[in-house]
2 protein chains.
Amino acid sequence: MSRILVVDDDRQLLRALRINLIARGYDVVLAPDGATALAAASRQPPDLVVVDLGLPDMDGVEVVEGIRGWSSAPVIVLSARHLEQSKVRALDAGADDYVTKPFGMDELLARVRAALRRAAPASQEPVVETEAFTIDLAARRVTRDGADVRLTPTEWHLLEVLVRNAGRLVSQRQLLQEVWGPKYESETNYLRVYVAQLRGKLEPDPSRPRYLLTEPGMGYRFTP
Amino acid sequence: MSRILVVDDDRQLLRALRINLIARGYDVVLAPDGATALAAASRQPPDLVVVDLGLPDMDGVEVVEGIRGWSSAPVIVLSARHLEQSKVRALDAGADDYVTKPFGMDELLARVRAALRRAAPASQEPVVETEAFTIDLAARRVTRDGADVRLTPTEWHLLEVLVRNAGRLVSQRQLLQEVWGPKYESETNYLRVYVAQLRGKLEPDPSRPRYLLTEPGMGYRFTP
DNA sequence: CCGCCGCGTCAAGAAGGCGTCAAGATTGCC
DNA sequence: GGCAATCTTGACGCCTTCTTGACGCGGCGG
C-alpha cells in the first residue's frame, strides 16, 4: 500500500500517528527532523508526507519547499499556529492541506485518504514490462531473463524517475534535480556515466539503446 | 483562467466569495442550491467547486457525491459543523478539502489555489494530431507513421511555438525572438533553414507544404 | 521585359554534447 | 582497520547540431 513519511519532533504524536496509520495498512516512515526526512525520502520515496511546521532544524515553509524539490507527493502540514497568514504561506509553498493542532485522528486519516485519492491516478504505475526486462517499482526489483538485476541506489533512483515518466522526455535538469539534488543541475557528467551503466545492465545491445534513449541537448526518455 | 462553481444559500457569503474570486481572476458561477448547481455545471463544467454542506434542498454528502458524478474537479466543502464525523463523511464522499465556518477569506483562497494546482496536470491535454503526424507537447514527442521523429532542440522549440499558435500566423520576429532570443530578430536565415528541416521531417511532400505554411513577408503558420 | 527581394536549398566548418574509460575518493560493513 | 562497493571526477574521441554563406528560383513592381 501507500508509503507515508511522517515528520514531527513530538515523540508522542509520532507514536500515535504511526500506530493509527499502520492499523489502516499504510507503510509508515518516521523522521524527527527535516534532515532525517530528506535522507529517508531519497531511499524510500513516499506517496504522501505529513510534516509538522515546528521542526527543530528547519522553518516550516522551508520544509515544504524542500519536499517539493524531490517529490510531487501530496503534503499535509500540521501546525499549532492558527494564524491565517501561516496557512496561506504553507499552502502557497506547495502544501496540499493544513491541519491545526489539536486535531482528531479520524479527521487526519480522512484527509490522508482524500489527498492520496487525488494524487493516485498520476503517480501509481506498479509494474512496467518490456521485451527485455521487467521493472517492479513497488518491489524495487528489476528482472532480466528471469534473473534479478543488481542496481546501485543511484542507478535505481535514476531509472525510477525515467520509468515514472515513461514515454515522456525528461530534461537533464529535472533528472539531476530529482536524483542528485538542486545543486547538481549542471553536472551532466553524472547522467552520462549512470545512463551508460543502466544501459550496460538493461539494454540487449548497450551500444544501440532501445529503451533508454538520448535526446541530444534535451534529456533522456524511457520507452517501454 | 479557471472556472469556479460556488454553491451556497447564504447570499452574503456568496457575494463575498464572488467579489474575492473574481478579483483573483477566476471565472465564477454561483448557485444557491444543489439543483441549480447541477444545471449550471452541465452548461459550464467548472474546474473547481466550492459547496456549502447546509443547502436547502439536499444533504451535504449527497451534494458532494452528486458533484463527483459529473465531474472530477476538486471539491472544497464549507460547513458550520465542527464535528469530526461530519468532516470524515464529506472527505470520504469525495471532497478534497473541508473548511469550517467562520473562515478567513485568505485561507480559503489559498486552499483554492492548492486544489487547482494539484488538479491541473490531469486536466491538460496538449496533443495535436494531423493526418500525417502527431505532436505530444507534454511528452515532447512527435510521431509519424507510428515511428518517432527525431527533432533537435531548436527544431522542437520552433515547432512548439508554431503549434501553440496553431491556425494563427506567427510573425518572423516573434519566432526568432522566442526561439533564438531578442538579439536574433533579423536572422531570417535561421527560419528558412529550420522550417525547411521541419518540413523535411514532417510534411508528406516537403516541397509542397501542407501544415507548415509560409506567409510571404509576414511569417509562418501551422494548420492542423 | 527586366531587375530586385524574399524564400528554399545545400553544404561545410565550428562548436558543443555525448559515450567511454579508468583512476581516485568516499561510504558502509565486517 | 581493512575490504568491497559505490560514487565522483577528469580526459579523450566521435558524432550531432548549430551557424554561416552562396546560389537558384519565382513573384512583384518598375
Side-chain angles (χ1 to χ4, degrees), chain A residues 35 38-40 42-43 140 142 148-160 162 169-173 175-176 178-181 183-222, chain B residues 140 142 148-160 162 169-173 175-176 178-181 183-222:
Chain A
L38 278 162
S42 70
R43 277 196 304 277
R140 262 178 197 248
V142 179
D148 279 11
V149 178
R150 281 181 56 92
L151 295 184
T152 71
T154 307
E155 285 166 7
W156 172 263
H157 203 164
L158 176 59
L159 179 63
E160 190 181 16
L162 287 169
L169 177 111
V170 189
S171 72
Q172 311 188 41
R173 270 187 61 176
L175 287 168
L176 288 164
E178 295 220 26
V179 178
W180 282 272
K183 294 175 185 170
Y184 296 79
E185 266 185 15
S186 54
E187 298 288 337
T188 56
N189 256 339
Y190 292 0
L191 287 178
R192 292 206 286 277
V193 171
Y194 277 90
V195 168
Q197 287 177 357
L198 283 176
R199 282 174 179 157
K201 292 183 177 182
L202 299 178
E203 293 276 0
D205 180 0
S207 62
R208 295 168 134 239
R210 188 174 160 190
Y211 303 103
L212 297 161
L213 306 180
T214 305
E215 305 264 339
M218 305 208 275
Y220 293 87
R221 182 198 308 270
F222 170 74
Chain B
R140 281 210 161 198
V142 179
D148 279 12
V149 178
R150 284 182 58 92
L151 295 184
T152 72
T154 307
E155 285 166 7
W156 172 265
H157 202 165
L158 177 60
L159 179 62
E160 191 181 17
L162 287 169
L169 172 90
V170 189
S171 72
Q172 308 190 19
R173 270 189 60 175
L175 287 169
L176 288 163
E178 294 221 28
V179 179
W180 282 272
K183 294 175 185 172
Y184 296 78
E185 267 184 14
S186 54
E187 298 287 338
T188 56
N189 255 337
Y190 291 180
L191 286 178
R192 292 206 286 279
V193 171
Y194 277 91
V195 168
Q197 285 178 357
L198 282 176
R199 282 174 178 156
K201 292 182 177 182
L202 299 178
E203 294 277 359
D205 181 0
S207 61
R208 296 170 146 225
R210 188 174 160 189
Y211 303 104
L212 297 163
L213 307 180
T214 305
E215 306 265 338
M218 309 281 290
Y220 293 86
R221 181 198 306 270
F222 169 74

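Quick note on labels: first sequence line is chain A, next is B, and so on, each numbered from 1.
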With heavy atoms under 4.0 Å as the rule, sort [X] into base, sugar-phosphate or nothing.
X: Val193(A); result: base
X: Gln172(A); result: sugar-phosphate
X: Tyr220(A); result: sugar-phosphate
X: Thr188(A); result: nothing

Phosphate OP1/OP2 of dT17(D) contacted by Thr154(B) side-chain N/O (<4.0 Å):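 Result: no.
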
Below 4.0 Å: OP1/OP2 of dG8(C) and any side-chain N or O of Ser207(B): no

Spacing of [X] atom [atom1] relative to [N] atom [atom2], expressed in whole Å:
X: His157(B); N: dC18(D); atom1: NE2; atom2: P; result: 12 Å
X: Tyr194(A); N: dC21(C); atom1: OH; atom2: P; result: 16 Å
X: Tyr190(A); N: dT9(D); atom1: OH; atom2: C1'; result: 7 Å
X: Arg150(A); N: dA5(D); atom1: CZ; atom2: P; result: 8 Å
X: Leu198(B); N: dT9(C); atom1: CG; atom2: C1'; result: 15 Å
X: Glu203(B); N: dT9(C); atom1: CD; atom2: C1'; result: 16 Å
X: Lys201(A); N: dG19(C); atom1: NZ; atom2: P; result: 17 Å
X: Trp180(B); N: dC18(D); atom1: CH2; atom2: P; result: 9 Å

Distance in Å, Leu198(A) CG paired with Phe222(A) CZ, rounded so as to fall on 0.5 Å steps: 10.5 Å

Distance in Å, Leu162(B) CG paired with Leu213(B) CG, rounded so as to fall on 0.5 Å steps: 10.0 Å

From CA spacing to verdict: salt bridge (Lys or Arg N to Asp or Glu O under 4.0 Å), Arg210(B), Glu203(B): CA-CA 7 Å; Arg210(B) 188 174 160 189; Glu203(B) 294 277 359; over 6 Å; no

Ring centroid separation Trp156(B) to Tyr194(B) under 6.0 Å: no

Closest nucleotide among dT20(C), dC18(C), dT6(D) to the Ala196(A) side chain: dT20(C)

Position toward the 5' end of DNA chain D (nearest nucleotide), Arg192(A) or Gln197(A): Gln197(A)

Note, Val170(B) side chain near Tyr220(B) side chain (heavy atom, < 4.5 Å):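 SC-SC contact between Val170(B) and Tyr220(B) ruled out.
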
